[in-house]
Amino acid sequence: MEFQISIASTPIDVGYTLDCGQVFRWQLNYDGWWLGVVKGYVLKIKRLGDSLMVKTSSEDADEQFVRRYLRLDDALPKILYEIRKDELISNAVSRLNGLRLIRQDPWECTASFICATYKNINAIQQMIFSLSRSLGEPIKFEDATYYSFPTAETIAKIDDELIKACGLGYRAEFLIETARNIASGDVVLENLAKTSYENARSVLLSEQSKGKKKLLPGVGLKVADCILLFSLEHLEAFPIDVWIRRAVLRFYLHLFDEAKVSKMISNVEQNGSIGPAEYRQVSEVMRRYFGAYAGYAQEYLYHYTRVYEPLLLSRGL
DNA sequence: ATAAATCCTAGACA
DNA sequence: ATGTCTAGGATTT
């Protein structure tokens, strides 16, 4: 199906949105179309003036579906106004204006970020491609075949090495166990969109019974925040990876008291990676600082400090 | 004082 | 380049 979506009153930059590390299934083709697979449908998107041109593999993937996926219901100008608390975020917002969070499928998002730990974006894309190709459903579209992301039910039934062969390594057992507990209904991810951020996060991190194995192995604090932000409507979630942590250390130390600052600095000197205690403290402070849309601030800071600022510095700007 | 919970940190992992 | 797990040590109760 083909249609156009007017974006005159709802600005979006498709490139920033689909290529900022929040989702791994999109690529920009030589002809200028962004191509991705979403929930069993193939989508192509290209901007034309004040519209998005869209082609999809199914009548079910209609304008409503795409608007929802791209979060065109978010009042972006208002959100960006609310998070502009200082010069750094202001620069990021100016430079990356139009970057939007998207509304991902909770299971695919969970699986993607379990795979994402300790890997770079290229490797993550490769894993997700392999998983889809070997376990997903084929979708024919414009004389080519694409593959949907496998369901939790499918992955729950797969024992053993097939998944490791997709390049997951030790993440394979995490993914399978997580898929089983989701397929069995022990965790219903969708329900977590309706509860508070704190409660939803504690469910994602919970154990089967006290002291026992985790319900969703492979989901720690950072992955939980990604799931909450990218697929469960918790826009205040503020995932902290190494890049964001560096940004906090460089620009936001004044938000912390002296004791915490010296502790953070000694932590970074001897350990490198952030511990859970520090993660909880830092993310809470940043959520308070940026407010209800802290997650948007995180995406802008992430992309800006990771890509643009180093680029500008290297050119002496 | 002791044991049992809980908190926390250092290393392992592709 | 990077986030979670696990074991075991420190801390609290």
Side-chain angles (χ1 to χ4, degrees), chain A residues 20-24 109-131 155 160-182 187 189 198 200-231 237-250 259-260 262-284 286 295 298-299 301-303 305-307 309-311 314:
Chain A
C20 68
Q22 61 177 326
V23 62
F24 305 102
C109 185
T110 300
S112 299
F113 282 94
I114 287 174
C115 294
T117 63
Y118 214 81
K119 283 282 183 185
N120 61 38
I121 289 179
N122 247 328
I124 300 163
Q125 285 171 335
Q126 196 52 54
M127 285 187 265
I128 290 171
F129 178 85
S130 301
L131 277 174
I155 292 193
D160 69 280
E161 311 294 318
L162 184 52
I163 290 184
K164 274 192 183 141
C166 295
L168 298 217
Y170 64 90
R171 297 163 197 78
E173 340 186 340
F174 295 162
L175 184 65
I176 293 173
E177 184 63 16
T178 290
R180 287 185 179 149
N181 288 327
I182 286 173
V187 185
L189 294 173
E198 300 282 356
R201 187 174 74 170
S202 75
V203 172
L204 292 179
L205 299 175
S206 64
E207 296 166 341
Q208 310 209 352
S209 54
K210 58 183 178 195
K212 289 290 182 187
K213 287 189 300 185
K214 290 195 57 180
L215 221 37
L216 308 177
V219 178
L221 284 159
K222 190 270 182 179
V223 171
D225 271 333
C226 291
I227 298 167
L228 293 168
L229 179 61
F230 300 140
S231 73
F238 191 89
I240 301 172
D241 66 355
V242 285
W243 295 94
I244 288 294
R245 190 183 184 212
R246 278 177 209 147
V248 169
L249 288 167
R250 279 182 61 195
K260 230 164 253 175
S262 53
K263 187 151 198 183
M264 286 163 70
I265 289 174
S266 82
N267 277 351
V268 79
E269 278 169 353
Q270 50 175 285
N271 202 1
S273 74
I274 190 170
E278 188 184 324
Y279 188 107
R280 286 173 190 273
Q281 291 169 351
V282 174
S283 78
E284 186 177 347
M286 300 311 286
Q298 191 271 6
E299 280 308 286
L301 287 177
Y302 174 79
H303 206 232
T305 60
R306 199 171 102 96
V307 179
E309 207 200 33
L311 188 69
S314 74

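The sequence lines fix the lettering, A, B, ..., with proteins before strands; numbering per chain opens at 1.
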Please give, in whole Å, the distance from C:dG3 P to A:Ile244 CD1? 11 Å

Heavy-atom pair with the smallest gap, counting every atom of A:Ile227 and A:Cys109: CA-SG, 4.0 Å

May I ask you to check whether A:Phe24 and A:Phe113 place their ring centers less than 6.0 Å from one another? yes

Smallest separation among heavy atoms of A:Ala224 and A:Leu205, with atom names: CB-CD2, 4.1 Å

Given atom CG of A:Leu175 and atom C1' of C:dT4, what is their separation to the nearest angstrom? 14 Å

Give me the distances for all protein-to-nucleotides 8-14 of chain B N/O pairs that come in under 3.5 Å?
from: B:dA10; atom 1: OP1; to: A:Gln270; atom 2: OE1; distance (Å): 3.0
from: B:dC13; atom 1: N4; to: A:Tyr118; atom 2: OH; distance (Å): 3.4

For A:Arg245 and A:Met264 the tightest heavy-atom approach is NH2-O, 4.3 Å

Which whole-number value in Å describes the distance from A:Lys214 NZ to C:dA7 C1'? 16 Å

Checking all strands, does A:Ile274 fall into the base, sugar-phosphate, or nothing category for heavy-atom contacts under 4.0 angstrom? nothing

Atom pair distance, as rounded to whole Å: CZ in A:Phe113 and C1' in C:dG3: 12 Å

Correct closest heavy-atom pair for A:Tyr279 and A:Asp225 would be OH-OD2, 2.7 Å

How close or far is atom P of C:dC5 from atom CD of A:Glu173, stated in whole angstroms? 12 Å

Expressed as a whole number of angstroms, how long is the span from A:Tyr279:OH to B:dC7:P? 19 Å

To the nearest 0.5 Å, what is the distance between NZ on A:Lys119 and CD on A:Gln126? 10.5 Å

Reported CG-to-CZ distance for the pair A:Leu216 and A:Arg180, which is rounded to 0.5 angstrom: 14.0 Å

Report the residue (A:Val219 or A:Trp243) whose heavy-atom-nearest nucleotide on DNA chain C is the more 5′ of the two. A:Trp243

Looking at B:dA14, which nucleotide sits across from it as a Watson-Crick or G-U wobble partner, both distances under 3.5 angstrom, or is there none? none

Once you round it to whole Å, what is the distance between C1' of C:dG3 and CG of A:Asn120? 14 Å

Side-chain N or O of A:Lys222 versus OP1/OP2 of C:dT4: is the shortest distance under 4.0 Å? no

Rounded off to whole Å, could you give me the CD-to-P distance for the A:Glu177 and C:dC5 pair? 12 Å

